[in-house]
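Along the sequence shown, residues carry numbers from 1. Both counts, for ligands and for their atoms, begin at 1 and track the order of listing. Given the structure is predicted, the values throughout are model-derived calculations rather than measurements.
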Amino acid sequence: MSTVAEVVGALLAQLGVGHAFGVVGSGNFHVTNALRAGGVPFVATRHETGAAMMADAYARTSGDVAVLSVHQGCGLTNALTGIAEAAKSRTPLLVLAADTAGAAVRSNFRIDQDAAVRAVGAVPERVHTAASAVDDVVRAYGTCARQRRTVVLNLPLDVQAAPCELPDPLPTVAPWGVPRPDQASVAALAALIDGAERPVFIAGRGARHAGPDVAALAERCGALLATSAVANGLFAGDAWSLGISGGFATPLAVELITGADLVVAWGASLTMWTTRHGELIGPSATVVQVDDDPTALGAQRPVQLGVLGDVGATARDVRAAVTGGPGQRTEEVAKRIAAEGRWNDLPLPSGGDGERIDPRVLSAELDGLLPAARTLALDSGNFMGYPAAYLAVPDAAGFCFTQAFQSIGLGLATAMGAALARPDRVPVAALGDGGFLMGIAELETAVRLGMGLLVVVYDDAGYGAEFHHFPHDDHGTVRFPDTDLAAIAAGFGCAAATVRAPADLAVVREWLAGPRDRPLLLDAKVRADEPSWWLAEAFKGH
Ligand SMILES: Cc1ncc(C[n+]2csc(CCOP(=O)(O)OP(=O)(O)O)c2C)c(N)n1
């Protein structure tokens, strides 16, 4: 007779979870091994936050449900920052959390796990008894996969140990169909589009599965295309794409988005980041939002029309209903996008003084060195506009932006989870020195996995976002002595180099040409005399 722990692991493997990550302790030992025995690959990380972020990034990049496995109490609390990020991003992440037995009221590990995960936006679930175990797992998996929710399935130790059998036949969880918009909404949106002269479409996370549908409608009605940061890459290669809307936008994108008379947000909630605190939406523009989640419609700012429906289905239905026209796809706009549509088209500052490289130059040089088939993940901080602006990505799966909770320290593990989902691409983690040192434990994991990961640290010897925010204050809390991050990374087993000038980047070419069987870390000593251009925008929100 098998146990509940074994049934939970085997059943999840059967239901089709994609990849598992975690730190194994006594409480999640058996369930993790049951997952592995069922064929689910598992990565043992060095910190639960790293595991949570790898699982989150894996799920975002692959589209599959990913699993995080943690020990009861402290294993779960260590993962909470990552769970919050996943929950805010509606990542289909299933957390298997061991829990103390109901009667173990004095256990050191005891906390109110339901309350803890509910507090960060995840859905608490529980395997209640051996008799209900299968139903409990199916319910948790269904909520996770069908509703794109981050679900924490608590597994009390006494229930885990109880005898249990896999049912025959095994249950299945079929996906739900996509919700189509109602006809009146389709007609209303089609009329607005046909009446617009300068339509712009902004696609967000909810459009990542539907890029071609949105682009096809845009083509018919002459709309220009942009994305929120999370959907960066969705329209890569489209001649009418303006790139990212928001703080990272090019001057041309700012001009054309601000000049739109109709802005349609596709699976984008038009946050202060995407609209630069509303500045990118012209005062007379009509704003429409399309989303399959009614609570998202109008949540961030008022909209003249809210359309409830799947983004892809809505774009297809509206395409059949519009008359169409050239919109703002004129020869002049085409020429301008071709000439100044990317940050890399604009003049760069001089390289630096040989001691400190300019972060724009560093980013643009890396863009030229790296193959197009790449996956870019970012940490948080002053630096992050530079890689977002200058490093092109091949498509939306090529960009992993775990910034819904705005935590530093998540970027390295994010890059690793995305890398495992797309082993055909060169993964790049762009980090500040603060975020890198916070998440450094997973460098050992990357070396152990033989991961060909490029880690670029924009090293300004401090929390740049903070010392630029408060330029006239005491910086004793936010500046640090210069640290030899290349030596630290080499100690972990990475290839590593210090970068002070573009010529130092020759090491990247050599590493790319080689077996790429270990990470390369670049400790790029960057100029820190001025804040990045987008940070001034961000400060307005604090
Ligand atoms: C977990 C967490 N702690 C603190 C902060 C506040 N914070 C935002 S940016 C930042 C500094 C980041 O420094 P670094 O990673 O070196 O990047 P830089 O700003 O220097 O480019 C801090 C401490 C945060 N966002 N997340």
(request) Closest by any non-hydrogen atom to atom 11 (C) of ligand 1: pick that one out of Phe467, Tyr386, Tyr463, Tyr458. (result)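 That would be Tyr463.
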(message) Nearest non-hydrogen contact with atom 14 (P) of ligand 1 belongs to which option: Gly434, Pro359, Gly411?
(response)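 Among Gly434, Pro359, Gly411, the closest heavy atom to atom 14 (P) of ligand 1 belongs to Gly434.
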(message) Only heavy atoms of Gly381, strictly under 4.0 Å: list the atoms of ligand 1 that pass.
(response) 17 (O), 19 (O), 21 (O)
(message) Need the ligand 1 atom indices (1-based, order shown) with element for anything under 4.0 Å from a heavy-atom of Phe383.
(response)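 Once the distances to Phe383 are compared, the set is 17 (O), 21 (O).
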(message) In this structure, does ligand 1 have an atom that sits under 4.0 Å from one of the heavy atoms of Asp379?
(response) no
(message) So, 4.0 Å and heavy atoms of Ser407: is ligand 1 close enough to count as a contact?
(response)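 Judged by the 4.0 Å heavy-atom criterion, Ser407 does count as contacting ligand 1.
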For [atom], find the nearest protein heavy atom and state the residue, atom name and distance (0.1 Å precision).
atom                    : answer
atom 20 (O) of ligand 1 : Gly464 N, 2.7 Å
atom 15 (O) of ligand 1 : Gly435 N, 2.8 Å
atom 9 (S) of ligand 1  : Ala465 CB, 3.5 Å
atom 8 (C) of ligand 1  : Glu466 OE2, 3.3 Å

(request) Please test Val123 against Gln147 for side-chain contact (heavy atoms from CB on, under 4.5 Å), starting from the C-alpha separation and ending with a verdict. (result) CA-CA 11 Å; Val123 179; Gln147 298 178 40; over 6 Å; no
(request) Heavy-atom distances under 4.0 Å are what count here, so tell me which part of Ile408 touches ligand 1: side chain, backbone, both or neither. (result)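 The part of Ile408 near ligand 1 is both the backbone and the side chain.
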(request) Measure Gln406 to ligand 1 on non-hydrogen atoms and call it side chain, backbone, both or neither using the 4.0 Å cut-off. (result) backbone
(message) Quick one, Arg118 with Asp112, criterion salt bridge (Lys or Arg N to Asp or Glu O under 4.0 Å). Give me CA distance, side-chain angles, the key distance, then yes/no.
(response) CA-CA 10 Å; Arg118 194 179 287 116; Asp112 185 344; over 6 Å; no
(request) Report the residue from Ile281, Leu224, Leu280, Leu256 that forms a side chain to side chain contact (heavy atoms under 4.5 Å, CB included) with Val200. (result) Leu224
(message) Applying side-chain hydrogen bond (donor to acceptor under 3.5 Å, both in side chains), can you list everything that pairs with Asp474, at least two apart in sequence or on another chain?
(response)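 Asp474 satisfies side-chain hydrogen bond (donor to acceptor under 3.5 Å, both in side chains) with no residue once adjacent residues are dropped.
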(message) Could you tell me if Arg479 sits above the aromatic ring of Phe467, with its cationic atom closer than 6.0 Å to the ring centre and no more than 45 degrees from the axis?
(response) yes
For the [atom1] atom on [X], are there more than 12 heavy atoms of other groups (residues, nucleotides or ligands in this structure) within a distance under 6.0 Å?
X      : atom1 : answer
Asp529 : CG    : yes
Arg509 : CZ    : no
Phe42  : CZ    : yes

